[in-house]
Amino acid sequence: MGPTAAAICNRFSVRTCVMGGTVVFALSLIMDGLAPNIYFLFFSHAAVQGFGRGLMYAPSLFIVRQYFHKRQSLATGIGTSGVGVGTFLIVLLVNVLFDNYSYFGSHLILSGLAWHGFLFALLYRPLSLHQKYFGLLQEEIEFSTDESKDSAPLRNGDSNMESDETSSQRNNINSSDAVDATPLANNSSTSPSPGKVRQRKQDGCVKSSLKILLPVEKSDEAEKGKGQRKFFHCRLLTDIPFLLYCLSMVLFNIAFKGAFTFLPSLAIAKGLSKSDAALVLMIAGGFDTLGRVAIGFLLDFRLLRPFRPVIYNGVIFVIALSSFLIPQVGGSIILLSIVAGIYGTLTGGYVSQKSVVLVDILGKGNMASAFGLLIAFQGVGTALGPPLSGALKDAMGDFDQIFYLGGASMIGAGLLMVISNVTRYFRDKRERRRKAEAEGSIAL
């Protein structure tokens, strides 16, 4: 669903995409509760719910990239840390619901929770709307200040008349179209003049509400008269560093999803109790959340920022080592908890920073399309990981082989990232040389 979410965000806005995903996600939970058989559940839970969740997940990272530039790694880590917390809490919530309510009643409550996605979607203010709001607010303050200075020597009657006129102009500003305006720059030179603000036509209640609920993000191309943005940019797959990064993400998710799926089963097979196995999984999930924030914080240091893709590449080899170690220490709750904590920390940081590294590889242009493609490749790995791991266990007879496969897959992902970083280095070097030659010819 990554490419579809990217296309909607490109054509409309992140808010529109999340609202559409919320509707599909909430309805799919009701369909799950009404499922007459397992085959219908495959359709409602896997297909329909996956469609809705995909539309809700990708925009959450798009919006972080739009609003944060200086501390993007840390902001992304904090923004994605809810994944680990939510994964832990939803398991407890589902157990409570199914113990106290019927199958349909539990899904109805979960659907009610899913509808709250509308509230979070309203917080996803498009950047052009955000810029215009503060630009108009600044213009209103400056205009009110000028009016108060000009009306200082007036009589009381004239002052009241002037105040009524200023109040009318303020109402026009607040009720003006907040979406169809040109995104404002940081300075106030591009703000609309007071004369233009007075001439704005007020929209009706329904039309204004729809424009706020379903806004259309303004693009630079549209503002320059080049037309609307493209729905999608498939030409990004011709960029070799980016394509290798996408293939690396496939191998990573094959290992990542298989490990977390079968970690409790491995612990039980090694002689640990079910409670100990659950504890190990909780530790891995908790450190997953911690790693997202901690690694994002570290990668934002000025000294480390230029080497972010290289550090990111090195992390995956450490994950591979921990994957090989998990079967060896599976019989000890202490050692297994330590290694699982390391595995969770590093995988959490690796997953959370993929959008930041994507900017390092491709730049800020076409971020939505690039991330949509990356999520599509990630989905392939997510779909292949657990079935391949289960088939390997059935063929070999134990769970150790799953983690050995995961370690080998991680090494393959790391090697692809090495090639991606090398090709990116030479690509950027050629571009710098070409730019320097162009500047030299202009100077001559």
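In this text the structure is predicted, and so the values were computed from the model without any measurement.
- Panel note: side chain N253, backbone M249; a donor-acceptor pair is recorded below 3.5 Å.
- The heavy-atom pair separating R424 from D360 by the smallest distance is CD-O, 4.0 Å.
- Under the 4.0 Å criterion applied to side-chain N and carboxylate O atoms, D428 and R432 are not assigned as salt-bridge partners.
- Going from atom CG of L244 over to atom CG of L415 covers 11.5 Å, rounded to the nearest 0.5 Å.
- No side-chain heavy atom of V318 sits less than 4.5 Å from a side-chain heavy atom of V315.
- Considering every non-hydrogen atom in both S420 and I361, the closest pair reads OG-CD1, 4.4 Å.
- A side-chain donor-acceptor contact under 3.5 Å links S28 to the backbone of F25.
- I326 contributes atom CD1, which lies 9.5 Å from atom CD1 of I342 (distance to the nearest 0.5 angstrom).
- In this structure, Y404 contributes its side chain and P327 its backbone to no donor-acceptor pair below 3.5 Å.
- The two residues M56 and V18 make their nearest non-hydrogen contact at CG-O, 4.0 Å.
- More than 12 heavy atoms of other shown residues, nucleotides or ligands fall within 6.0 angstrom of atom CD1 in I38.
- Partner of K354 under the side-chain contact (heavy atoms from CB on, under 4.5 Å) criterion, out of V356, V357, V351, L358: V351 alone.
- Residues L110 and D32 are not in side-chain contact: their nearest non-hydrogen atoms beyond the backbone lie 4.5 Å or more apart.
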task: Kindly indicate, with the supporting measurements, whether the criterion side chain to side chain contact (heavy atoms under 4.5 Å, CB included) is fulfilled by L27 and V48.
output: CA-CA 9 Å; L27 292 178; V48 180; over 6 Å; no

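- In this structure, P241 and R427 approach most closely via the heavy-atom pair CG-NH1, 3.8 Å.
- Between the side chain of T345 and the backbone N or O of G341 there is at least one donor-acceptor pair closer than 3.5 Å.
- When all heavy atoms are compared, the tightest approach of L251 to G412 is CD1-C, 3.7 Å.
- Counting heavy atoms from C-beta on, the side chains of M31 and F43 come closer than 4.5 Å.
- Applying the salt bridge (Lys or Arg N to Asp or Glu O under 4.0 Å) test between K270 and each of D276, D400, D398 identifies D400 as the sole match.
- Checked against ring-ring contact (aromatic ring centres under 6.0 Å, His included), Y343 has the following partners two or more places apart in sequence or in another chain: F260.
- Judged by distance alone, the side chain of S111 and the main-chain N or O of I30 form no donor-acceptor pair under 3.5 Å.
- Among residues at least two apart or in separate chains, ring-ring contact (aromatic ring centres under 6.0 Å, His included) pairs with a member in residues 291-319 are F297-F301, Y312-Y350.
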message: As a quick check of understanding, evaluate side chain to side chain contact (heavy atoms under 4.5 Å, CB included) for V96 and Y101, giving each step before the final call.
response: CA-CA 8 Å; V96 171; Y101 300 94; over 6 Å; no

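- Between L373 and F242, the closest side-chain pair of non-hydrogen atoms falls below 4.5 Å.
- For the residue pair S323 and G407, the shortest heavy atom distance occurs at OG-N, 3.3 Å.
- The number of heavy atoms from other shown groups lying within 6.0 Å of CZ (F98) is above 12.
- Within the 3.5 Å criterion, the main-chain N or O of D300 finds a donor-acceptor partner in the side chain of R305.
- Counting heavy atoms from C-beta outward, I316 and M417 have side chains that stay 4.5 Å or more apart.
- In this structure, the side chains of F324 and F403 stay at 4.5 Å or more apart for every pair of heavy atoms.
- Two residues are said to be in side-chain contact when any heavy atoms from C-beta on lie closer than 4.5 Å; V329 and I338 fail this criterion.
- The main-chain N or O of I419 is found under 3.5 Å from a side-chain atom of T423 such that the two form a donor-acceptor pair.
- Residues M19 and L122 meet the side-chain proximity criterion, which asks for heavy atoms closer than 4.5 Å.
- Separation of atoms OG1 (T261) and CG (L266) is listed at 12.5 Å; rounding is to 0.5 Å.
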